[in-house]
Amino acid sequence: MLPLPSPLTSVPVTSGLLCQKFQLDNGLVVLVTENPIADIVAARIFVGAGSTREPVNQSGLAYLVAATLTKGTYRFSSAEIAEQVESVGASLGVERAPDYFLLSLKTVSEDFLDILTLAAELLRTPSFPEPEVELEKRLALQSIRSQQEQPFTLALKGLRQSLFPPGHPYTQTGPGDPDQIAQLQPTDLHQYHQTYFRPDNMVISLSGNLKAAEAVRYCQQVFGDWSAPKQQLPPPQALQPAAKPALTTESNLSVISQPTQQSIVMLGHLAPSVLGADYAALKLLYTYLCNGLSSRLFVELREQQGLAYEVSGFYPTRLGPSHFVVYLGTAADNTAIALTKLQAEIDRLRQQPLSNQEIEAAQSKLLGQYVLGKQSNAQLAHLMGWYEALGLGIHYDQTFPKQIESLDVETVYQAACQHLHPSYISLVGSEAAVQPWLTPS
């Protein structure tokens with residue numbers, strides 16, 4: 001039996017719990033948060049893959065790998081895999097994100113080694129059976145067709161295509177490009193898997209009722225004989241800044257006519273990656289503008305002006321340059337005034353700094369929600385593994401709150417001035433609602 005590695009570092013995460021970081025000889029990173037309160041273990045296994053690692057002209061490959069990874073190995077069929085998971089009441093799921101690939105599992109402590117062993121087999125030796133691949137391709141294409149009828153999805157797709165260059169992985173709003181998905185074969189899935197699924201490109205984050213030494217021993221038992229290839233990993237796409245086109249050009253505007261009673265009005269802005277200096281300031285601005293029933297957009301545009309059926313926004317955390325988006329759904333007759341008012345709220349942030357009171361209220365809300373997001377084993381495993389997989393390290397759990405606490409009026413104001421201009425506009429509505437933008441004077 002190989003000697004167990006010593007912890008490389010550790011960090012307190014919440015309520016006296018400690019997250020410890022280990023690394024096996026093959027490069028696999030193991031994070032363990034001991035939490036004996038409930039007799040369960042949650043795991044998040046991150047792989048440095050995702051849509052940013054898809055080859056050119058294979059948009060949707062990462063989605064298809066995620067959809068079929070649990071459909072068979074060289075020893076087990078899809079039904080046998082499902083039987084192993086469900087017979088002990090465990091859960092196991094797979095998904096892909098732009099910057100990573102994720103396998104999630106949860107089980108009682110007694111069955112954890114068995115489910116981890118199964119997860120290791122899925123990650124190491126998937127068979128990607130052709131009938132399952134063909135089935136998932138058909139389902140993906142059906143999903144894409146369904147999404148093309150949804151106004152919000154159309155607006156988001158139009159906005160992202162304005163913000164990012166053609167073919168950029170962050171333009172995806174669903175499984176991928178339908179024409180490219182239709183061409184994918186099991187050999188493509190195997191090639192992608194062999195390139196990125198390797199121990200030195202993975203982070204296993206565990207939280208629950210198990211000792212750190214026991215957890216590391218389990219990981220060594222099921223992953224320790226997996227050797228890392230000598231060839232280097234290909235770099236991901238999308239880590240280079242996207243160029244801002246000139247203001248008032250047609251590239252800043254996406255308009256789609258669709259027979260619908262509700263218009264979607266969306267404004268987007270290129271925004272810093274999670275590694276950017278203004279990341280925390282933009283998170284605070286997002287909280288102030290869009291987060292909850294007390295947010296600026298909800299109070300001003302929905303409650304006071306009655307312009308929005310729904311109003312919100314998002315600022316996704318990305319390894320490459322991201323996007324800061326606000327949107328609302330409104331009656332067709334209100335499309336023009338809604339766009340004017342929504343733009344005015346963005347412009348206001350660049351014309352008038354937030355007050356100290358507004359900054360402090362947004363800080364309290366954001367930090368309170370951050371703490372509440374670390375209550376369960378699954379949340380803890382995900383957050384710590386996510387930070388490690390993004391290259392931020394587990395200490396970012398302490399760094400991020402400090403970044404938020406240190407923000408002041410001038411820092412937030414300068415971030416708004418730098419990043420919330422120009423606004424990219426995306427409109428979806430009935431022909432009458434969007435006619436002024438279809439035929440500009």
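We use all heavy atoms of the structure for the numbers below, so side chains are in, but hydrogens, waters and symmetry mates are not. Being a predicted model, the structure only gives us computed values, none of them experimental.
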Regarding His382 and Ser205, is there a side-chain donor-to-acceptor distance under 3.5 Å anywhere?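 There is no such pair between these side chains.
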Consider only side-chain N and O atoms of Gln343 and Ser423, and report whether a donor and an acceptor are under 3.5 Å apart. yes
Any side-chain to backbone donor/acceptor pair from [X] onto [Y]? Under 3.5 Å, distance only.
X: Ser143; Y: Leu139; answer: no
X: Thr153; Y: Glu149; answer: no
X: Tyr170; Y: His323; answer: no
X: Ser207; Y: Ala42; answer: no
X: Asp99; Y: Leu319; answer: yes

Residues in salt bridge (Lys or Arg N to Asp or Glu O under 4.0 Å) contact with [X], at least two apart in sequence or another chain:
X: Arg138; result: none
X: Arg198; result: Asp200
X: Arg350; result: Asp347
X: Lys157; result: none

side-chain contact (heavy atoms from CB on, under 4.5 Å), that's the test. Do Leu297 and Glu345 meet it? Break it down for me. CA-CA 8 Å; Leu297 294 185; Glu345 291 297 333; 3.7 Å; yes
Counting heavy atoms not belonging to Gln305, are there more than 12 under 6.0 Å from its CD? yes
Does atom CG (Leu372) have a neighbourhood of more than 12 heavy atoms from anything else shown, all under 6.0 Å? yes
side-chain contact (heavy atoms from CB on, under 4.5 Å), that's the test. Do Asp408 and Ile359 meet it? Break it down for me. CA-CA 7 Å; Asp408 56 24; Ile359 294 284; over 6 Å; no
Where do [X] and [Y] come nearest, in terms of heavy atoms and distance?
X: Pro151; Y: Thr260; result: CG-OG1, 4.2 Å
X: Leu123; Y: His193; result: O-NE2, 2.7 Å
X: Ile45; Y: Ala119; result: CD1-CB, 4.5 Å
X: Phe128; Y: Thr68; result: CD2-OG1, 3.3 Å
X: Phe101; Y: Ala49; result: CB-CB, 3.9 Å

If you look only at pairs with a residue in residues 363-382, which of them pass as a salt bridge (Lys or Arg N to Asp or Glu O under 4.0 Å), with sequence neighbours excluded? Lys374-Asp397
In Å, rounded to the nearest 0.5 Å, how long is the span from [atom1] of [X] to [atom2] of [Y]?
X: Leu349; Y: Cys417; atom1: CG; atom2: SG; answer: 9.0 Å
X: Leu328; Y: Leu342; atom1: CG; atom2: CG; answer: 5.0 Å
X: Leu116; Y: Cys219; atom1: CG; atom2: SG; answer: 5.5 Å
X: Ile181; Y: Leu64; atom1: CD1; atom2: CG; answer: 7.0 Å
X: Thr330; Y: Gln261; atom1: OG1; atom2: CD; answer: 12.5 Å
X: Leu289; Y: Glu300; atom1: CG; atom2: CD; answer: 11.5 Å

Can you tell me how the ring of Phe223 sits relative to the ring of Trp226, calling it parallel under 30°, perpendicular over 60° and tilted otherwise?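 Ring orientation, 0 to 90° scale: parallel.
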Side-chain donor-acceptor pairs under 3.5 Å in residues 425-432, sequence neighbours left out?
{"from": "Ser426", "atom 1": "OG", "to": "Ala155", "atom 2": "O", "distance (Å)": "2.7"}
{"from": "Ser430", "atom 1": "OG", "to": "Ala433", "atom 2": "N", "distance (Å)": "3.2"}

Can you run down the ring-ring contact (aromatic ring centres under 6.0 Å, His included) pairs that involve residues 276-310, sequence neighbours left out, and say none if there aren't any? Tyr279-Tyr315
Residues 132-153 vs ring-ring contact (aromatic ring centres under 6.0 Å, His included), sequence neighbours excluded, gives Phe152-Tyr327
Note: Glu134-Lys137 ion pair, threshold 4.0 Å (strictly below):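 Looking at Glu134 and Lys137, the cut-off is met.
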Show me the donor-acceptor pairs within less than 3.5 Å that the side chains of residues 171-179 make with the rest of the protein, sequence neighbours left out.
{"from": "Thr171", "atom 1": "OG1", "to": "His168", "atom 2": "O", "distance (Å)": "2.6"}
{"from": "Gln172", "atom 1": "OE1", "to": "Arg96", "atom 2": "NH2", "distance (Å)": "3.4"}
{"from": "Gln172", "atom 1": "NE2", "to": "Glu54", "atom 2": "OE1", "distance (Å)": "3.2"}
{"from": "Gln172", "atom 1": "NE2", "to": "Ser59", "atom 2": "OG", "distance (Å)": "3.0"}
{"from": "Asp177", "atom 1": "OD1", "to": "Asp179", "atom 2": "N", "distance (Å)": "3.0"}
{"from": "Asp177", "atom 1": "OD1", "to": "Gln180", "atom 2": "N", "distance (Å)": "3.0"}

By ring-ring contact (aromatic ring centres under 6.0 Å, His included), which residues pair with [X], not counting sequence neighbours?
X: Tyr387; answer: Tyr396
X: Tyr370; answer: Phe400
X: Phe314; answer: none

Leu339 vs Leu267, test: side-chain contact (heavy atoms from CB on, under 4.5 Å). Steps then yes/no. CA-CA 9 Å; Leu339 174 58; Leu267 298 180; 3.8 Å; yes
Walk me through whether Tyr218 and Phe112 qualify under side-chain contact (heavy atoms from CB on, under 4.5 Å). CA-CA 9 Å; Tyr218 287 165; Phe112 175 67; 3.7 Å; yes
